[in-house]
There are 2 protein chains.
Amino acid sequence: MINDASQSSDAVDVQALTALLDGEYAEIRDLVRTNLAAHASVLEEAEELGIDAFRERVRELTVELAATGQTGMGFPKEYGGGGDIGASIAAFETLAYGDLSLLVKVGVQFGLFGGAILHLGTERHHRAHLPDLITGKLMGCFAMTETGHGSNVQALGTVATYDAPSQEFVITTHGDAARKDYIGNAARHAELAVVFAQLEVDGKREGVHAFVVPIRVDGAPAPGVRIEDAGRKMGLNGVDNGRLWFDGVRVPREALLNRFADVTPDGAYESPIENPGRRFFTMLGTLVQGRVSVGGGAINAAKVALAIATKYAVRRRQFEAASDGAEQLLLDYGMHQRRLLPLLARTYALHFAQDVVRTQLHEVFSGNQDDEQARRELEARAAGTKALGTWHATRTIQECREACGGAGYLAVNRFAALKADSDVFTTFEGDNHVLLQLVAKGLLTNYAHEFEDLDQLGMVRFVTGQAVETVIERTSVHKLLERVRDLLPGGDDWDQEAGLLDPDYQLAMVRFREEHMLAGLARRLKRGLDEKRDPGVVFSHVQDHVIAVARAHVERLVLEAFVDKLRTLPDDGDVGDGGDGGNKAALGLLCDLFALSTIESDRAWFMEHGRLTVQRSKAISREINNLCRKIRPLAVDLVDAWGIPSAMLRSPDLVG
Amino acid sequence: MINDASQSSDAVDVQALTALLDGEYAEIRDLVRTNLAAHASVLEEAEELGIDAFRERVRELTVELAATGQTGMGFPKEYGGGGDIGASIAAFETLAYGDLSLLVKVGVQFGLFGGAILHLGTERHHRAHLPDLITGKLMGCFAMTETGHGSNVQALGTVATYDAPSQEFVITTHGDAARKDYIGNAARHAELAVVFAQLEVDGKREGVHAFVVPIRVDGAPAPGVRIEDAGRKMGLNGVDNGRLWFDGVRVPREALLNRFADVTPDGAYESPIENPGRRFFTMLGTLVQGRVSVGGGAINAAKVALAIATKYAVRRRQFEAASDGAEQLLLDYGMHQRRLLPLLARTYALHFAQDVVRTQLHEVFSGNQDDEQARRELEARAAGTKALGTWHATRTIQECREACGGAGYLAVNRFAALKADSDVFTTFEGDNHVLLQLVAKGLLTNYAHEFEDLDQLGMVRFVTGQAVETVIERTSVHKLLERVRDLLPGGDDWDQEAGLLDPDYQLAMVRFREEHMLAGLARRLKRGLDEKRDPGVVFSHVQDHVIAVARAHVERLVLEAFVDKLRTLPDDGDVGDGGDGGNKAALGLLCDLFALSTIESDRAWFMEHGRLTVQRSKAISREINNLCRKIRPLAVDLVDAWGIPSAMLRSPDLVG
């Protein structure tokens, strides 16, 4: 791919911007870029090979990537890993520039399976399994989801009964709703499974625990294990998803991943965490890296789509043969700018938000700052960023495909795979709506160990009058306005007098929205409870508010991440100055565009709640158009700064 | 598929509703349903066969369908057709319940290729080609689009020069931008192509004309013809799209499709239509049935997605194992209702709007009412309905996939194919944005023969002060309000006092929006022209208004179609009454839901333009929630009424 020189500007120093975006993980990201370019043929193989051959190819590549060290960054060095959790996420994010089957295979093997062994197991499991799983010699799967219990892990139906005489667990699938479903690596490659099951000791249920279970011996299903191929999927056909049933499968007592609970040889259950609920959520919490990974991967998949569409839009003339000389490139049209550039701005915003959640994950899991408060914050942020990042990917890839017209429909131009492969990101590692409900619940309560309780009815029951009262008090409009007045000049008219491009104004708007929505939700819940209505009905009636408040919360976090990032940069130039300083100015334009288009798309709410006059609402729309025109000449540089290997864009006719 | 009896209600008479929806075309629709069920295996074959085998299979099925008469309804009876244009569209729409490669193959063969021979050719072409193309024995393609001229047919680069001595046309591709691209049937099956080229007679360019050109002889490319396979696409891989180049290809004088223009043997150009622009748009106008067909097909593809998601939502419990008895089905949740039911309502609305445009097409092309005014109205309505219908399909299929969670991602559950195959509908037969620009231009002007001028700059040039002044005058807010006052009680407070469920209120709102937007657009254009600004820049700055006004216009037409339909129904029952009368009540709920959710999604605009108070805006949102709860018990009946053969839903685990 050769960039059209006329389309790069002096205003942005692309190399410096790439360095800024890569941050402390430039080295591992560059390793991944090199690996992506070396194996670029996988993009064609994904189309040309049959399912069986492509699955084998993806397995092969997984092992090859493992040999370069990029996939093992999150494991301890003593077992052959890189000992750097943050770097492992950064590597995963960057891998999303390429084929997404390979990405998900890596995620299943090293993130889900490897992560469970690492975080739920103890030294005996680490010694036994980590060295071989890090190289990819030992493949495994993560058998949690069941057909009948997609989002409700606590209720799953697989049972593991301790048999004291033999010192074994006996694992059985009870009913077809309890079959393990959509399990990546299960249909073909996994030898081991980490199986989540209800532990039963001496007739007593102790809750969900994880066990290491051999599911294949010499390529054939292990005795008592039934495996079914989940078959062809919309995308990700390089990943062998399958279904598992267990019929009295026996594993030794040591197969229990016993970091948080154990069973003694003679059948006594013991755990350092007394409260069963808290124990369960502690176990589940260790798996948060999956959500952080998928969110980051989705954001980078969106970048690939935007890079192609942007390059196409500065190459293509809508009407090449128009008779006069005034022909414009696609990206010179206001509508086309409106279609692509707010998505570009949002992608940058989400990139910086992802930096924040990745850093939090690193701090917690490296033990630098690992307390209950930090874990709770991390889990909420991971859930929210994953939801917004994956929805953003779906929407962006679609818009970019359409913006490339019929050419965008040809497989060679990448969108086919991007769309089909990324589509399930909104669903797996936690359905986005369910995740946002968790976020909202976290906002309403202060009890970390209840956070992961996915039962919606439980949410209503749990939000007792007490919690609700607190929220209502804390978020009263009066107090909200007081706090805003401290931030902004203009007194009671802050929302009329502040400059639209003042970040404090932008932040005040999204903060006000969040807190006001939260208070409204709390009031609605309280009314329902006061009236003794059925909790399910109460929840059903407020559910759209629940989702809205969570979305508002996460968008606030995203804007804060962007503004915070900008404030750390040296302030030494304008767009057009050239050199490094122009980068801050360019990012400033993007941040304004993100903030104002976020407000614009919810401007009805702001008007309904007295925070936006008609005049100001229209002014925001005009300012967005201005910002688009200012960003237009920088657009190619801004997508080039992501450092996507050109072979990953393919699309010879669109970007060549 | 067996319906869960507990989910059907007494309120809707499903059979009667199906009859109402099928209308006068029940017979042909039932034939298509029978054919779909008979060939249901094509849905699996689309996944399992390789591209080559699947293309052959789709060709085979096309010929089999042709033998039943369903695909030839639009051709004259004397050549073996059915002589009923409306029925041919109805058949095509219904075919969209099944595999969409087959749909598009049928569209290419009988709609584009066959339609061009029928509408642009004369008896000699009809006699020569119609009998064999109607049976599918003769396959052909429609070679209009060029790589460099996607939306600008008037500027295409292929040239056909008349050579008087030999009485032949010599057809040549000038430059790679003039290669014919994305041509369905070209890569493999077409023997003939209808080729659009600039006609050159005696050194003079006479504009774009169509020629019948043999491109394959005994399966090999004809001399001078180069054919390239467009390769794998996101979907529709049963259609063999290809590229064509012509290098001095000679065809006899009689190859010109000469209904609207001819060349005499000695090289004189003659046409009954003097004005070259008008001649061109008359030719192009005959192809409007393609847009009507795609729009209708898209709406029916959306129905398939909604039927699956709705049935899943009354089967699936979010948390099956919740401990108390208050478990709810997915569709009992407010959020889930909000996700699916407004889409259900919009699908019904678009169905009735499609009835209107299909009827207009039938009237014009059957010669019942064929004047310039009628053609212009038809073209505008076809463009608008196609744009809204295809965007609706993309959005609905996506939402339904997500609403089915991970199960929605498995190929067996239909969404994979629906998404991938329908995605290009927003682009082909006219890119939706370009189509909406045409609609807007039609609103601004009264010159039918300029309507199809796709040049955006031309639009600005054309919209002279005169046209703009007229629009501004006609749509002044003062006059708008006067007209509304005639319709509604309440005087100047009509927008405050009318009932939200009063169809006159709903219509007044969308009419006011359309006319107000149109006036605003006209004023902006006038200002740009008065200031002598570059037309390209003026257009770029107003382009989002152009799209918005067109969308508002088409949504008004859609709502009118729904309200008009309701008014024709006998008024003899309520929801819950049982029997036929309940159907009108159910449709009334859907119409209200469509109208109010249309207003709600643009409520910011209505507030910005003084037509919605904050209180009323909130009241509309509450009313939408109420309507959703009322429609909830009818939902399964409402999707069953579409009469989608159960085999077309597949999804054994979702709807079984």
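All figures in this text were calculated on a predicted structure; none of them were measured in a lab. Any value given below was found using the heavy atoms of this structure, including those in side chains, with hydrogens, waters and symmetry copies removed.
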Exercise. Heavy-atom distance under 4.5 Å to chain A: side chain of B/Leu410, backbone, both or neither?
Worked result: both
Problem set entry | Portion of B/His433 that has a non-hydrogen atom of chain A nearer than 4.5 angstrom | side chain
Exercise. Does the A/Gln543 side chain pair with the main chain of B/Met335, one donor and one acceptor, at a distance under 3.5 Å?
Worked result: yes
For this session: Examine B/Arg611 relative to B/Trp605 and say whether NZ or CZ is less than 6.0 Å from the centre of the six-membered ring and inside a 45° cone about the ring axis.
Result: no
Exercise. Taking atom CG of B/Leu341 and atom CZ of B/Arg632, what is their separation to the nearest 0.5 Å?
Worked result: 8.5 Å
Exercise. Checking heavy atoms, do the side chain of A/Glu600, its backbone, both or neither come under 4.5 Å from chain B?
Worked result: neither
Exercise. What part of B/Gln398 is in contact with chain A, defined as an atom under 4.5 angstrom from a non-hydrogen atom: side chain, backbone, both or neither?
Worked result: side chain
Problem set entry | N/O donor-acceptor pair under 3.5 Å between B/Glu146 side chain and B/Thr158 backbone | yes
Exercise. Measuring heavy-atom distances to chain A, does B/Leu236 have an atom under 4.5 Å in its side chain, in its backbone, in both, or in neither?
Worked result: both
For this session: Heavy atoms only, distances under 4.5 angstrom: which of A/Asn237, A/Asn413, A/Asp544 has the most pairs with chain B? Name it, please.
Result: A/Asp544
Exercise. Is any side-chain N of the basic residue among B/Arg650 and B/Glu44 closer than 4.0 Å to the acidic one's carboxylate O?
Worked result: yes
Exercise. Tell me, side chain or backbone of A/Phe415 under 4.5 Å from chain B's heavy atoms, or both, or neither?
Worked result: both
For this session: Against chain B, label A/Thr613 side chain, backbone, both or neither, depending on which of its atoms sit under 4.5 Å from a heavy atom there.
Result: neither
Exercise. Hey, which of A/Glu402, A/Gln337, A/Arg338 has the most heavy atom pairs under 4.5 Å with chain B?
Worked result: A/Glu402
For this session: Please look at B/Tyr182 and chain A and tell me whether the side chain, the backbone, both or neither of the residue comes under 4.5 angstrom of a heavy atom of that chain.
Result: side chain
Problem set entry | Minimum heavy-atom distance between A/Asp181 and A/Arg243, given as atom pair plus value | OD1-NE, 3.0 Å
For this session: Would you mind checking which part of A/Ala417 comes under 4.5 Å of any heavy atom in chain B, side chain (CB onward), backbone (N, CA, C, O), both or neither?
Result: neither
Exercise. Top residue by heavy-atom pair count (under 4.5 Å) with chain B, among A/His609, A/Lys618, A/Glu48, A/His545?
Worked result: A/Lys618
For this session: Pick one of side chain, backbone, both or neither for A/Asn625, based on which atoms fall under 4.5 Å of a heavy atom in chain B.
Result: side chain
